Amino acid sequence: MARLAQTHGLTDVQREILSTVRDFVDKEIIPVATELEHRDEYPQAIVDGLKELGLFGLMIPEEYGGLGESLLTYALCVEEIARGWMSVSGIINTHFIVAYMLKQHGTQEQKDHFLPRMAAGDIRGAFSMSEPGLGSDVSAITSKAVKDGDEYILTGQKMWLTNGGTSSLVAVLVRSDEGHPEGTAPHRSMTTFLVEKEPGFGEVRPGLTIPGKIDKMGYKGVDTTELIMDGLRIPADRVLGGVTGRGFYQMMDGVEVGRVNVAARGCGVAQRAFELGVQYAQQRHTFGKPIAQHQAIQFKLAEMATKVEAAHAMMVNAARKKDSGERNDLEAGMAKYLASEYCKEVVEDAFRIHGGYGFSKEYEIERLYREAPMLLIGEGTAEIQKMIIGRRLLEEYRFQG
């Protein structure tokens with residue numbers, strides 16, 4: 001079948017990587033995704049396969065054992081994986097954000113210590129900003145770090161950790177008032193700590209507890225957890241970058257590239273929904289002909305395909321802008337906003353095309369219908385994206401009166 005959302009200007013290496021990932025998705029993910037999702041089962045065999053393909057080190061520099069690929073290559077791989085099962089792309093994405101933050105902001109010792117094992121997939125990453133009472137208001141973080149000799153003592157509760165149980169390294173953002181007098185802007189008194197732990201649930205190291213998996217409507221298989229710190233001692237050399245007070249900026253840099261990848265996830269899920277819808281429309285007959293021959297369904301398919309193409313184009317543009325070294329918060333915000341909204345709409349249209357069968361767990365579209373809403377809130381809600389977009393537009397189009 002001819003595919004939508006083709007990307008022009010790729011190198012031979014990029015095309016080979018994407019072809020390999022696409023084959024893996026078609027053979028190893030799509031056939032088992034719905035069954036594993038219904039059981040809320042961690043896809044260990046799939047993760048092991050991705051590890052063998054080298055995807056955990058896709059953007060990690062070659063000097064640390066990675067493939068040294070671009071954000072665009074990574075985003076296109078995420079798009080393919082999400083087309084198979086969005087939860088698997090989440091397992092990769094949080095790992096990628098931590099590796100990216102280490103590459104961009106870590107000390108040389110931190111890079112040497114973590115990146116080779118992250119590239120091999122032996123260390124799996126998770127990152128933690130949110131807390132039970134703050135949502136998108138990162139400035140309201142209450143968990144804190146207090147200096148005690150050559151260590152910091154961390155206390156507080158974090159929320160919504162993807163890979164919280166299966167990860168062995170968590171980048172945690174907390175408030176650190178040491179060196180920052182009272183009245184300092186909240187974003188200037190936050191620090192990112194690199195917290196090593198054992199995979200699993202319960203007390204995974206002294207002072208650190210992962211209570212268990214949060215039961216979710218969709219986005220199953222991947223573990224989403226809380227993280228509770230109660231007297232957690234972390235050496236000073238595990239402050240990301242070695243200097244306190246920079247955590248907010250480090251996290252925002254990670255989230256910015258994370259938004260490109262959430263956009264890519266939206267593109268992948270929308271592509272799969274379109275594939276399911278256009279196939280079913282040609283198989284299902286009403287009034288003596290396939291429903292695809294009814295004008296109303298053709299209009300719906302036309303709208304779905306156009307949204308898939310538009311979202312993909314904006315995602316690719318945002319990734320290429322970041323790869324060029326330019327600021328891309330405007331493009332990333334637009335891509336994340338549009339791709340997640342269009343994903344929801346395309347999935348719903350495919351669901352409608354399936355009619356009553358779309359409501360059955362025997363059909364794949366039922367799973368997609370429960371997965372798409374997560375993209376509306378992940379890495380910042382639509383309202384947050386519009387705030388970012390609006391502020392950047394006012395910077396670019398400042399009225400000179």
Side-chain angles (χ1 to χ4, degrees), residues 56-57 59-60 64 66 74 90-119 121-131 134 138 141-145 151-176 187 189-199 204-205 207-210 222-229 232-259 261-262 378-380:
F56 283 99
M59 275 192 69
I60 294 175
Y64 299 107
Y74 186 84
I91 293 170
I92 293 284
N93 190 46
T94 50
H95 174 89
F96 153 73
I97 290 176
V98 178
Y100 173 84
M101 290 168 60
L102 272 162
K103 181 185 74 170
Q104 295 296 110
H105 306 287
T107 65
Q108 191 59 54
E109 185 274 334
Q110 290 167 352
K111 294 176 186 179
D112 292 340
H113 181 76
F114 290 112
L115 288 180
R117 288 185 290 163
M118 294 188 79
D122 296 332
I123 289 180
R124 306 279 172 79
F127 76 103
S128 176
M129 289 193 300
S130 189
E131 296 182 0
L134 63 86
V138 180
I141 280 177
T142 58
S143 54
K144 63 186 300 183
E151 297 180 315
Y152 288 85
I153 302 175
L154 276 58
T155 306
Q157 183 179 3
K158 310 298 283 187
M159 194 71 175
W160 307 119
L161 275 77
T162 300
N163 289 340
T166 49
S167 61
S168 47
L169 174 66
V170 185
V172 180
L173 183 66
V174 300
R175 188 176 300 281
S176 57
H187 60 279
S189 58
M190 294 184 187
T191 298
T192 301
F193 286 87
L194 301 170
V195 178
E196 297 169 87
K197 70 177 187 65
E198 290 296 320
V204 291
R205 66 175 284 176
L208 179 63
T209 300
I210 306 292
V222 59
D223 48 293
T224 305
T225 74
E226 300 174 71
L227 180 148
I228 299 172
M229 301 172 291
L232 172 63
R233 288 185 170 271
I234 301 295
D237 63 5
R238 289 298 176 257
V239 170
L240 180 60
V243 180
T244 63
R246 297 179 180 175
F248 178 84
Y249 304 101
Q250 295 163 345
M251 280 282 181
M252 289 304 104
D253 190 23
V255 167
E256 190 174 287
V257 293
R259 283 177 179 144
N261 285 284
V262 171
E379 310 292 8

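Throughout, numbering of the chain's residues begins at 1 and tracks the sequence. In this text, all values refer to a predicted model and were calculated from it rather than measured experimentally.
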With a 4.0 Å cut-off on N to O distance, would you call Glu196 and Arg238 a salt bridge?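 Looking at Glu196 and Arg238, the cut-off is met.
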ring-ring contact (aromatic ring centres under 6.0 Å, His included) against Tyr64, all qualifying residues, sequence neighbours excluded: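 Partners of Tyr64 by the ring-ring contact (aromatic ring centres under 6.0 Å, His included) criterion come out as none, since no residue qualifies.
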Could you pull out the closest heavy-atom pair between [X] and [Y], with the gap in Å?
X: Thr107; Y: Gly242; result: CG2-N, 3.7 Å
X: Val98; Y: Ala126; result: CG2-O, 3.2 Å
X: Asp112; Y: Pro116; result: O-CD, 3.4 Å
X: Glu379; Y: Arg259; result: O-NE, 2.9 Å
X: Met118; Y: Leu102; result: SD-CD1, 3.6 Å
X: Thr244; Y: Ser176; result: CB-OG, 4.1 Å

Going by the angle between their ring planes, with limits at 30° and 60°, are Phe56 and His95 parallel, tilted or perpendicular?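 Because their plane-to-plane angle is over 60°, the rings of Phe56 and His95 count as perpendicular.
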Taking only residues two or more places apart in sequence, or in another chain, which ones meet [X] in a side-chain hydrogen bond (donor to acceptor under 3.5 Å, both in side chains)?
X: Glu131; value: Thr142, Ser143, Lys158
X: Arg124; value: none
X: Tyr152; value: Glu178

Salt bridge (Lys or Arg N to Asp or Glu O under 4.0 Å) partners of residues 94-107, not counting sequence neighbours, each pair once: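 Pairs touching residues 94-107 that pass the test: none.
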Residue Glu198 excluded, over 12 heavy atoms near CD under 6.0 Å: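 Count not over threshold, so no.
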Whether over 12 other heavy atoms sit under 6.0 Å from Lys144 NZ: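 Atom NZ in Lys144 is not packed in, count stays at 12 or less.
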Derivation and outcome, side chain to side chain contact (heavy atoms under 4.5 Å, CB included), residues Leu173 and Phe127: CA-CA 8 Å; Leu173 183 66; Phe127 76 103; over 6 Å; no
Using a 4.5 Å cut-off on heavy atoms from C-beta on, say whether the side chain of [Y] contacts that of [X].
X: Ile210; Y: Leu227; value: yes
X: Tyr74; Y: Ile92; value: yes
X: Arg205; Y: Val195; value: yes
X: Ile97; Y: Asn93; value: yes
X: Val255; Y: Met129; value: yes
X: Met229; Y: Val172; value: yes

So does [Y] get a backbone contact from the side chain of [X], meaning a donor-acceptor N/O pair under 3.5 Å?
X: Asp122; Y: Arg117; value: no
X: Gln250; Y: Leu240; value: yes
X: Arg175; Y: Ile141; value: yes

Measuring from atom [atom1] of [X] to atom [atom2] of [Y], what distance do you get when rounded to the nearest 0.5 angstrom?
X: Phe248; Y: Thr192; atom1: CZ; atom2: OG1; result: 10.5 Å
X: Glu226; Y: Ser130; atom1: CD; atom2: OG; result: 10.5 Å
X: Asn163; Y: Ser168; atom1: CG; atom2: OG; result: 10.0 Å

Given the rule in the side chain to side chain contact (heavy atoms under 4.5 Å, CB included) test, do His105 and Gln110 qualify, once you have shown the distances and angles that lead to the verdict? CA-CA 9 Å; His105 306 287; Gln110 290 167 352; over 6 Å; no
Would you please name every residue forming a salt bridge (charged side-chain N to carboxylate O under 4.0 Å, His left out) with Asp237, sequence neighbours left out?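 Scan of Asp237 (salt bridge (charged side-chain N to carboxylate O under 4.0 Å, His left out), adjacent residues dropped) gives none.
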For the pair Phe96 and Val257, evaluate side chain to side chain contact (heavy atoms under 4.5 Å, CB included) and give the outcome as yes or no after the intermediate values. CA-CA 9 Å; Phe96 153 73; Val257 293; 4.0 Å; yes
